[in-house]
Amino acid sequence: IFSNLTLTDNTTGEVLVSSYPYLDSDVKGDINADGKADISDLSLMCLAKIGDAYLDDAQITNCDVNGSGVFDLADVAHFMRYLSGKSETL
């Protein structure tokens, strides 16, 4: 299954990435479906929040790492705390 992810340079309008392979993942925080929640997933979350990446519904569900039912900046902050070791659970 492929889901489109488009990364565009806001200054030049140049398309940097036009598609990204995505397979559904059951790992909370695993946005790119590589089986782990890591800095690559946090980067995708941040790009999505600023409007530079499109995520499909399954990816957005995996972005809700704090379990609030919505993907928001609190999820990004929680993920950052997890990756930095300040939170033991995601």
Side-chain angles (χ1 to χ4, degrees):
I1 300 171
F2 283 84
S3 178
N4 289 333
L5 170 75
T6 303
L7 301 178
T8 306
D9 184 311
N10 285 337
T11 306
T12 65
E14 175 187 2
V15 174
L16 304 173
V17 176
S18 61
S19 66
Y20 193 88
Y22 177 72
L23 299 172
D24 194 15
S25 174
D26 292 332
V27 177
K28 186 189 290 189
D30 183 16
I31 315 309
N32 63 5
D34 64 357
K36 59 188 182 248
D38 58 18
I39 192 70
S40 298
D41 301 299
L42 178 61
S43 296
L44 282 173
M45 287 174 78
C46 292
L47 288 169
K49 286 314 297 171
I50 64 171
D52 283 350
Y54 168 81
L55 302 179
D56 65 24
D57 290 341
Q59 289 171 304
I60 291 170
T61 297
N62 282 351
C63 285
D64 180 24
V65 295
N66 67 4
S68 68
V70 296
F71 168 42
D72 55 19
L73 288 178
D75 295 299
V76 175
H78 183 74
F79 203 166
M80 290 174 69
R81 285 192 302 276
Y82 170 74
L83 291 178
S84 68
K86 295 183 192 268
S87 175
E88 293 183 20
T89 59
L90 187 57

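Just so you know, these numbers use all the heavy atoms, side chains as well, and skip hydrogens, waters and symmetry mates. If you're wondering where the values come from, they're calculated on a predicted model, not measured in any experiment.
Using a 4.5 Å heavy-atom threshold, the side chains of D34 and V27 count as separate. Between L42 and V76 there is a side-chain heavy-atom pair separated by less than 4.5 Å. Within the 4.5 Å cutoff, side-chain heavy atoms of F79 are placed close to those of D41.
By the rule that hydrophobic residues join a cluster once side-chain heavy atoms approach within less than 4.5 Å of another member, V70 and V65 end up as members of separate clusters.
Considering CD1 of I31 and OG of S43, their distance stands at 11.0 Å, rounded to 0.5 Å. Going from atom NZ of K28 over to atom OG1 of T61 covers 12.0 Å, rounded to the nearest 0.5 Å. The structure places CG of N62 at 11.0 Å from CG of D75, a figure rounded to the nearest 0.5 Å.
In this structure, D30 contributes its side chain and G35 its backbone to a donor-acceptor pair below 3.5 Å. A side-chain donor-acceptor contact under 3.5 Å links D64 to the backbone of S68.
Applying the side-chain contact (heavy atoms from CB on, under 4.5 Å) rule to T12 yields the partners D9, E14; only residues at least two apart in sequence or on another chain are considered.
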Listed pairs under 3.5 Å, donor-acceptor, residues 83-90 side chains, sequence neighbours left out:
unit_1 : atom_1 : unit_2 : atom_2 : d
S84    : OG     : M80    : O      : 3.2
S84    : OG     : R81    : O      : 3.0
S87    : OG     : T89    : O      : 2.9

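Remark: K49 is positioned above the aromatic ring of F71, its terminal NZ or CZ atom under 6.0 angstrom from the ring centre and at most 45 degrees off the axis.
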Audit row: Q59, D56, side-chain contact (heavy atoms from CB on, under 4.5 Å) steps and yes/no: CA-CA 5 Å; Q59 289 171 304; D56 65 24; 3.3 Å; yes
